[in-house]
Structure formats: C-alpha cells, structure tokens
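Right, one structure below, let's go through it.
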Number of protein chains: 2
Amino acid sequence: MSKGKISPLNSHGTITLRAVAEHVGLAPGTVSAVLNNAPSARSIPEHTRQRIHAAAKELKYRPNFLARSLRKQRTYTVGLILEEIGDSYGSMIISGVEAYLREKNYFFLTVIHRHDATMLRDYSQLLLERGVEGFVTVDTSFQEAPPLPTVCVAGHRALKGVTNIILDQEQGIRMGPEHLVRLGHRKIAFIRGPKTLGDSAPRWQGVRSFAKSVALELDPRLIVDLPESGDPISSFEAGYKLTEELIKSKRSVTALMAFDDMTAFGAIRALAKAGLRVPEHCSVIGFDDVAACSLYTPPLTTIRQPMEAMGAMAANLAIERINAVLEKREIAAVHRKMAPELAVRESTRSLL
Amino acid sequence: MSKGKISPLNSHGTITLRAVAEHVGLAPGTVSAVLNNAPSARSIPEHTRQRIHAAAKELKYRPNFLARSLRKQRTYTVGLILEEIGDSYGSMIISGVEAYLREKNYFFLTVIHRHDATMLRDYSQLLLERGVEGFVTVDTSFQEAPPLPTVCVAGHRALKGVTNIILDQEQGIRMGPEHLVRLGHRKIAFIRGPKTLGDSAPRWQGVRSFAKSVALELDPRLIVDLPESGDPISSFEAGYKLTEELIKSKRSVTALMAFDDMTAFGAIRALAKAGLRVPEHCSVIGFDDVAACSLYTPPLTTIRQPMEAMGAMAANLAIERINAVLEKREIAAVHRKMAPELAVRESTRSLL
DNA sequence: TCCCGAAGTTCGATTTAAATG
DNA sequence: GCATTTAAATCGAACTTCGGG
C-alpha cells in the first residue's frame with residue numbers, strides 16, 4: 001500500500017505513540033515531547049498538554065520499552081550473576097537487590113553459573129548482548145574486569161575497576177568469642193575456614209586479636225581447619241567430621257565456634273550423636289545467619305551477615321556507577337564495608 | 001553533517017550490522033540475510049557467505065538485542081513473579097526456571113510482590129511494558145487471567161487460560177502415614193493446614209483415604225489445624241504452639257505428621273522443650289523438603305516437593321504456550337501433576 | 001529467467017531542525 | 001520574530017521489493 005489509511009494500531013493491537021497522536025490530531029513528536037516533559041515542550045500551551053495527557057490516559061498508552069531503549073541507548077537493566085541459589089545466601093541477596101532496583105525502576109536479568117567458569121564467560125557475554133548496564137555478582141570472581149560497572153558481593157578478589165561489598169569480618173568475628181567469654185567460656189574450640197578461602201584469614205585474625213586483648217588462651221589442639229571445597233553442603237559434613245574427631249580426642253571443651261552456620265549445624269549433629277546436648281554440654285556459635293538458624297533446635301546463636309542490606313547496597317552502588325559512566329564522571333572503585341551483628345539465640349549458654 | 005563519511009561504528013563503539021557490511025563492501029541487508037540464514041539468502045554464493053561470516057567473527061559482531069526484538073516483536077523473555085524469596089521454596093523454583101530458560105536461550109525478569117496485591121498489579125504491568133512474552137508465578141494468584149501465557153506454581157486457583165503446576169497432594173501425602181504405619185505407628189497426631197489454604201483439603205483427603213484402607217483410626221483429639229496466615233514463618237510458631245498443647249493434653253502419641261516442614265520444625269522444638277526426643281519419644285514427618293531438612297538435628301523425614309523440577313516444568317510449559325500463541329495454535333490449559341516423593345531421614349523410627 | 005545483491009520500509013519512540021500562521 | 005507544531009533523521013536489525021547483468 002502506498003499511502004492509504006494506515007491504522008494507528010499496530011498488528012498486535014498495542015497503543016503506540018502514533019495512535020495517541022492521531023487521536024488528538026497532533027504529530028507523534030509533539031506527543032512524545034509532552035509526555036516526557038522534554039525541554040522542547042516548554043513552549044507547548046497548557047491546554048494542549050492536558051489534551052495529550054488525557055488522551056494517553058484514555059487510550060492507556062504505554063511506551064514501548066524496546067523502541068525507547070533503542071533510541072535512548074538505555075535499558076535500566078543490570079545483570080545479576082550468581083554461583084548458586086539453593087542456599088539461603090543467594091536468595092537473600094536477590095531479595096535485597098530486587099527491592100532496591102524495583103524502587104529505582106530498574107530490572108535485572110539473572111544467571112546462575114553453577115560453579116562453571118566457562119559458563120560464566122558465556123553468560124556475561126549474553127547479558128552484555130541483552131544490553132545490561134552493569135553487573136552485580138554473588139560469590140563469583142571474574143577472571144578479568146568486565147567492561148561495565150560491576151559490584152561484587154562475597155567471593156571477591158581485587159580487580160581494578162570493580163567495587164566490592166565487603167563484610168567487616170575482623171570486627172564482626174570478635175563478637176563471637178567476646179560473647180562466649182562474657183558467658184564464662186574459656187575452653188573454646190574453633191573450626192576455621194578453608195585456608196584457600198579469602199574470608200578465612202581475616203576472621204582468624206579477628207579472633208586472635210580479641211583473644212590477645214582478654215588474655216584468652218587459644219589451644220592449638222582445639223583449632224581445626226575446614227578442607228577446601230566448592231560445595232557449600234560439604235561444610236556441613238566437614239563440620240560433622242571435625243567435631244566428631246574433636247569429641248574422640250576427649251579434650252575438654254565448653255564451646256565451639258564454627259566458620260559458618262553449615263559447619264555449626266554439622267557440629268551440632270556430631271555432638272548430638274555423641275550424646276552431648278547443645279547448649280547444656282557445649283555452646284555452639286555460627287556465622288552468616290542463614291534462614292535455618294532460627295528454626296533450628298536449639299536456635300543457633302550466630303554472627304549475622306546483613307544479606308538483604310548487602311544486596312541492596314550492591315544494587316545501589318551499581319546504579320551509582322552506571323550513572324557515573326553515563327555522565328562521564330570518573331568514579332573510584334570504593335569498597336563498602338558492612339557490619340555484621342550478633343544474633344544471640346539458644347545454642348550458647350552462660351557458665352556463670 | 002549532510003552526507004560525508006559516516007563512521008560504521010556507533011557512538012558507543014559497538015559493532016553494528018552496517019560496520020560488518022562496510023567491511024566486506026556489501027549492503028547491510030545482505031549481511032543480515034546471510035547471518036540469519038534467511039530464505040532470501042538462499043541464492044547468495046557460498047564464497048560471499050564465508051566472507052561475511054569471517055568478517056562478523058573478526059569484528060566480533062553481536063546483534064543488538066533491542067533492535068532485533070523491536071523488529072521481530074520477540075523478546076525471548078518471561079516474567080517471574082514471586083510472593084517471597086527468603087524461603088527456600090522460592091529460590092529452588094527459580095533455580096529450576098533459570099536452568100530451563102537458559103538452555104532455551106530465554107531470560108527472565110524477576111519481581112517479588114511481598115504479599116502486596118496492589119504491587120502485583122503494578123508489577124505485572126511493568127513486566128508487560130518490558131515486553132515479556134509470558135509469566136511464571138510462584139505462590140501468587142492473579143485476580144484475573146493475564147493477557148499472556150501464564151504458568152503458576154503453588155498457590156494457584158482456577159483461572160481460565162492459566163496453566164497450573166500441581167503437586168499430586170493426595171497421592172503424595174499418603175506416603176507419610178504409610179511410612180509411619182509401616183514402622184509400627186498407630187497413635188499418630190496430625191497438624192493439618194489452614195482451612196483457607198487450597199492445599200489443605202486434598203492432603204487431608206489423602207490421609208483419610210489411606211487411613212481407611214489400612215483401618216487406621218484417626219483420633220479427632222489428635223488432629224489440629226494451623227491457623228490462617230500469610231506469613232510462612234508463622235507456621236513454625238503455630239506448629240510450636242499446637243504441639244505444646246498436644247503435649248499438655250498428655251494424650252499418648254508416637255508420631256506426628258506436620259502440614260509442612262516449618263510446622264514440623266516448630267513441633268520438634270516444642271517436643272525438645274518438653275524433654276521429648278525425636279525420634280526416640282516421637283517420630284516427626286514434614287512436607288516440602290526445604291533445604292534445612294537435611295541439616296536438621298535430627299534430619300527430618302519429609303515428603304519432598306520436586307521444586308527444581310517444578311520450576312523447570314513451569315518454564316517448559318510457558319515457552320510451549322508462548323510458541324503456541326505465536327503460531328496462533330489453540331492450546332488447552334493443561335495442568336501438570338508432579339509427584340512428590342518420600343525422603344526418609346532420621347526423624348522417624350521403627351517401633352517394631 | 002536465473003543470479004546476486006542493493007535499496008527502501010518497518011518496528012516505536014526520541015530528538016533535531018524546520019515550517020507555519 | 002514569536003509561539004506552536006511538524007517533518008525528518010535516528011537508534012540497529014530484519015524483511016520485502018526491485019533492478020542490473
């Protein structure tokens with residue numbers, strides 16, 4: 001057809017800008033300017049604007065996201081890259097990310113690479129093609145810095161240009177032994193993290209510095225290390241085994257501090273198997289505060305990572321950095337430290 | 001500028017179709033046809049095709065998703081609507097959805113409406129604007145059927161046109177009492193679901209029919225109902241309270257079957273508080289198999305919902321229905337039943 | 001008529017320069 | 001020249017129509 005009567009509606013029956021324009025008898029450009037409150041619409045008289053707004057509302061006009069994005073070169077979308085999601089860690093982070101992005105009218109595309117480094121490369125490429133404007137990663141370390149603003153939660157490594165959300169491990173971990181000592185414990189066993197894990201060293205550093213400050217003796221025979229492993233569930237089993245051995249060694253212990261909640265759950269099971277009750281025979285304290293902690297019998301005392309807050313902060317920083325790039329502002333990769341807090345429940349008891 | 005030398009690269013330095021075309025000295029349309037293996041490219045000689053493919057590879061050409069989507073009116077994106085995500089239920093479903101969609105080269109946009117019905121309307125509108133081609137919902141009931149293919153997991157209600165992933169509750173639940181009876185239990189307490197919840201009735205129906213088949217007496221004094229509530233954590237507390245009352249009543253019970261795992265955890269805590277051990281004094285069985293079950297002390301015997309499989313199935317059906325709509329095929333809203341399975345752990349023991 | 005490919009239109013919105021009274 | 005509005009170019013790819021040898 002050359003020029004005949006063209007329907008303002010497209011083939012799918014959606015209301016387009018043109019439909020609104022024809023309805024009010026104006027040009028699409030005019031309608032666009034008004035609806036977006038563009039500077040070029042300054043001169044358009046109030047009465048015309050109202051007509052346009054009324055028409056848009058009446059026709060239930062919704063701008064086409066794809067068309068708009070294509071033109072403005074903006075998608076208001078970030079890529080969320082997770083290693084895993086079955087654990088409560090990942091999902092709590094998502095929750096925080098979602099809440100923040102939703103509020104800012106951003107969306108996110110999720111990929112889970114399930115411990116596969118090759119997938120990670122492919123997936124970030126796919127996200128790039130989809131036009132994401134930045135990345136938020138959880139427990140994922142890039143080999144090289146991505147070409148977009150990137151904020152990492154957990155599992156981070158120093159990469160120039162990427163911002164890390166860091167838990168203040170050293171300060172946070174102190175709350176554990178501090179709590180135990182306050183309750184009168186002195187014979188404390190420790191299950192440390194795997195030597196290869198970045199989190200392990202600063203945490204132990206925190207314990208040591210606290211121990212020194214209160215002259216608490218750290219008995220090397222009561223200190224064991226989690227073996228290296230990629231699998232989160234494995235720390236449960238490792239916690240079980242290590243505690244079992246500790247029990248067999250018959251060393252006197254009144255409290256046990258585990259590297260994380262999974263390890264603590266494993267330890268509690270081992271204690272129970274040996275006929276030892278928590279906290280009556282041994283206090284146990286974990287780290288993370290996963291969902292199961294408060295449901296556990298006994299409810300687990302633990303050091304809480306503010307996971308939702310960390311997710312929200314990650315989203316916040318991502319948007320901030322996206323804007324910086326758009327405005328060609330230079331912005332340093334500031335790392336944000338988040339403070340953990342002690343969640344006292346019933347797996348620890350006073351000896352006093 | 002009027003017509004001078006136009007750079008094939010756009011302002012962001014991305015490689016466009018035109019860039020590839022200029023590189024090989026052909027028209028963009030030709031390149032497009034070849035790269036997409038379009039029917040119109042049939043006649044293009046092999047040698048030209050190779051030149052084009054080589055150039056595309058060399059320049060690392062990636063088609064612009066927005067432009068392509070706009071033109072083809074396809075986004076390969078579905079909207080994932082969740083009520084909540086902190087619990088392991090939501091995240092396991094996501095995991096299944098993600099795995100399936102990823103394989104089919106779809107993406108998904110996530111919104112969490114956090115028990116707010118108003119939000120739900122707004123959010124599905126937003127997803128629509130973003131061009132999603134279908135919905136997958138978890139524990140979310142629309143007031144009216146959405147204008148796109150929709151598949152619901154959990155919390156569904158009969159709405160014409162929407163497909164539900166249904167757990168075969170009636171058959172599944174039988175496995176609970178069956179297991180207990182096989183272990184020699186006869187005095188079994190039941191904590192049923194809230195009367196207002198759709199799942200409750202069929203499950204109880206399953207228990208009753210099984211009881212009848214083995215002449216198991218269901219003592220009404222051992223049957224209690226969870227109160228109505230939107231909050232998942234509340235079933236933990238309700239389980240605790242109801243069990244506490246049951247204990248106080250001093251009725252003889254050797255096993256307890258809870259409506260879900262949360263309720264079971266609450267029950268176990270109440271038993272522990274009363275000095276009763278699981279499974280020595282009382283066996284306990286749950287429903288769902290959330291992540292905490294296997295970590296619990298004792299590990300909880302439960303009836304597993306195949307959550308990842310349900311998520312994958314939902315994604316599967318969603319894509320199937322999206323394709324049906326595109327091909328203008330009529331497709332009935334087939335509901336898919338998934339079979340739960342019994343996960344025997346250590347919270348149940350044999351009396352024989 | 002076949003072979004090969006170019007040119008132009010479309011998707012829907014934004015934005016510039018230009019035109020009308 | 002001023003206030004209003006419009007036509008046309010653009011974003012990047014895909015599809016349809018045409019045309020030269």
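Residue numbering restarts at 1 for every chain, and letters A, B, ... go by the order of the sequence lines.
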Starting at the 5' end of DNA chain D and moving along, which residue's nearest nucleotide shows up first, B:A38 or B:L66? B:L66
5'-most contact on DNA chain D: B:T30 or B:A67, nearest heavy atom basis? B:A67
Rounded interatomic separation in angstrom, taking [atom1] from [X] and [atom2] from [N]:
X     : N      : atom1 : atom2 : result
B:F65 : D:dA14 : CZ    : C1'   : 15 Å
B:E22 : D:dG12 : CD    : C1'   : 13 Å
B:R18 : C:dA6  : CZ    : C1'   : 15 Å
B:L17 : C:dT10 : CG    : C1'   : 15 Å
B:N64 : D:dT10 : CG    : P     : 17 Å
B:R42 : C:dG5  : CZ    : C1'   : 14 Å
B:R68 : C:dG12 : CZ    : C1'   : 19 Å
A:H47 : D:dA3  : NE2   : C1'   : 15 Å

Please determine, for the side chain of [X], which listed nucleotide ([options]) has the closest atom?
X     : options               : result
B:K72 : C:dA6, C:dT14, D:dA14 : D:dA14
B:Q73 : D:dA14, C:dG12, D:dT4 : C:dG12
A:L70 : C:dG5, D:dG12, D:dA13 : D:dG12
B:S43 : D:dA13, C:dG12, C:dC4 : C:dC4

Would you tell me if any nitrogen or oxygen in the side chain of [X] comes within less than 4.0 Å of OP1 or OP2 on [N]?
X     : N      : value
A:T48 : D:dT4  : no
A:N36 : C:dA13 : no
B:S40 : D:dC15 : no

More than 12 heavy atoms from other groups under 6.0 Å of CD on B:Q143: no
Got a sec: does the CZ of A:R74 have more than 12 other heavy atoms crowding it under 6.0 Å? yes
Touch check for [X], heavy atoms < 4.0 angstrom, all strands: base, sugar-phosphate only, or nothing?
X     : result
B:L26 : sugar-phosphate
A:R62 : sugar-phosphate
B:P45 : sugar-phosphate
B:S69 : nothing
A:G25 : sugar-phosphate
B:I44 : sugar-phosphate

Is the backbone of B:M92 close enough, under 3.5 Å, to the side chain of B:E308 for a donor and an acceptor to pair up by distance? no
Polar side-chain atom of B:S91 near backbone of B:S88 as donor-acceptor pair, under 3.5 Å: yes
Comparing B:R71 and A:Y61 on DNA chain C - which has the more 5′ nearest nucleotide: B:R71
Within residues 313-324 of chain B or reaching into it, pairs that qualify as side chain to side chain donor-acceptor pair (under 3.5 Å) - sequence neighbours excluded: B:T163-B:R321
Minimum side-chain heavy-atom gap A:F135-A:L128 below 4.5 Å: yes
